[in-house]
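Beneath this line is the structure, given in structure tokens, with notes to follow.
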There are 2 protein chains.
Amino acid sequence: MKIGELAKLSGCSIQTIRYYEKEGLISAPERTEGNFRVYNAVALEKLAFIKNCRALDLTLSEIKRLISLQHSPSTPCEAVNEMIDMHLLVVESRIEDLQNLHGDLRKLRLKCGNARSVDQCGILGELSPRPQRSSTRI
Amino acid sequence: MKIGELAKLSGCSIQTIRYYEKEGLISAPERTEGNFRVYNAVALEKLAFIKNCRALDLTLSEIKRLISLQHSPSTPCEAVNEMIDMHLLVVESRIEDLQNLHGDLRKLRLKCGNARSVDQCGILGELSPRPQRSSTRI
DNA sequence: GTTACACTCTATAGTAACTATAGAGTCAAG
DNA sequence: CTTGACTCTATAGTTACTATAGAGTGTAAC
Ligand SMILES: [Zn+2]
Ligand SMILES: [Zn+2]
Ligand SMILES: [Zn+2]
Ligand SMILES: [Zn+2]
């Protein structure tokens, strides 16, 4: 099959497939006489693997590492476990950051009601630094 | 003050300050005879405003919009409220996505114990498409 | 006066993972 | 033989910076 069909079957765009090839995530396929790429079912599996990994938000370089690990099947798989563990930590800290952000945004949202003018806006007022509203200091 | 001092006081890097100027978030300051940028306290306040907004993950173009709103102080501030509301929705959906991802990663992590070889790795097995393990079909 | 040093200037390239073109070529059908 | 769908390469754009290179500025010591 040509790249268009592979794109449809895999759910990756044509440009993404060519990009993965350029980045070394999939191997360069055979070409027709007219220089068109020709793929087989194996290519589709490789793309599916990459898609699964991307759905877990693994980076392309992590995926590359996994692929290269697959090329030495008898080595221990510890590195895979570690990668997932690291990933879990990153995701957890991102969630925490976003939850803090969410709290900040909600507090900020409460600073302004409806139908004020820009210079009276509680939100903009909160975002602006306050040089002389220092009633808390003597 | 020159850009180095502003950078220290504001917590933005020198390059970031110049970048904000190029992007139109802060106005181009006066220059010395030797072509050095010269700032005053107002510039510091503008940077503080931008920093506050960035801490809430507002994009530079959203911040630009807020700044331009501040230039017409008597218009209603509805757009500000809407921006924050939109932002809350985006953050909420990102959190949800990440929590789903977290669940997926944890489930995946359980697929592999310790000290297997790469070709026996439960994680890699799960990430790979399974062409003939179709025991669920007839 | 010159030399060392810290600072600043512009312009450019890099980051991640694509997306979107431009302009040229391929190939089958009508 | 032309139309149209497809493909090719190469390049630029996305976001919010960061990191250079190479040149110039300004001040203080010697
Ligand atoms: Zn990772
Ligand atoms: Zn308001
Ligand atoms: Zn937003
Ligand atoms: Zn494993």
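For clarity, every value in this text was computed on a predicted model and none was experimentally measured. In what follows, chains are A, B, ... by sequence order, proteins preceding strands, each numbered from 1. The figures here come from the full heavy-atom set of this structure, side chains too, leaving out hydrogens, waters and symmetry mates.
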Close residues, residues 53-61 of chain A, relative to DNA chain C [heavy-atom separation under 4.0 Å]: A:R54, A:T59, A:L60
Polar contact flag, side-chain donor to acceptor under 3.5 angstrom, A:T59-A:E62: yes
Beyond-backbone contact of B:E23 with B:I63, side-chain heavy atoms, under 4.5 angstrom: no
Shared hydrophobic cluster for A:I3 and A:F36 (ILVMFWY, side-chain gaps under 4.5 Å): no
5' priority, DNA chain C, between A:T32 and A:T16 [closest heavy atom]: A:T16
Side-chain heavy-atom pair B:V91, B:D57 within 4.5 angstrom cut-off: no
N/O (side chain, A:Y20) to phosphate O (OP1/OP2, C:dA17) under 4.0 Å: no
Straight-line distance of A:H102 NE2 to B:I95 CD1, nearest 0.5 Å: 5.5 Å
Residue whose nearest DNA chain D nucleotide is more 5′ - A:Y39 or A:K22: A:Y39
Donor-acceptor contact present, side-chain A:N40 to main-chain A:A43, <3.5 Å: yes
Heavy-atom side-chain proximity of A:V80 to B:C112 below 4.5 angstrom: no
Please list, pair by pair, any protein nitrogen or oxygen found under 3.5 Å from a nitrogen or oxygen in nucleotides 3-8 of chain C.
{"from": "C:dT8", "atom 1": "OP1", "to": "B:G4", "atom 2": "N", "distance (Å)": "2.6"}

Interatomic distance where CD belongs to A:E23 and C1' belongs to C:dT19 [whole Å]: 14 Å
Donor-acceptor pair, side chain of A:D119 and main chain of B:S74, under 3.5 angstrom: no
Test item: A:L56 and A:H87 side chains (from C-beta on) under 4.5 Å apart, heavy atoms: no
Span of DNA chain D in contact with chain A (heavy atoms, under 4.0 Å): D:dT7 to D:dT9
Basic-acidic side-chain contact under 4.0 Å: B:E126, B:K107: no
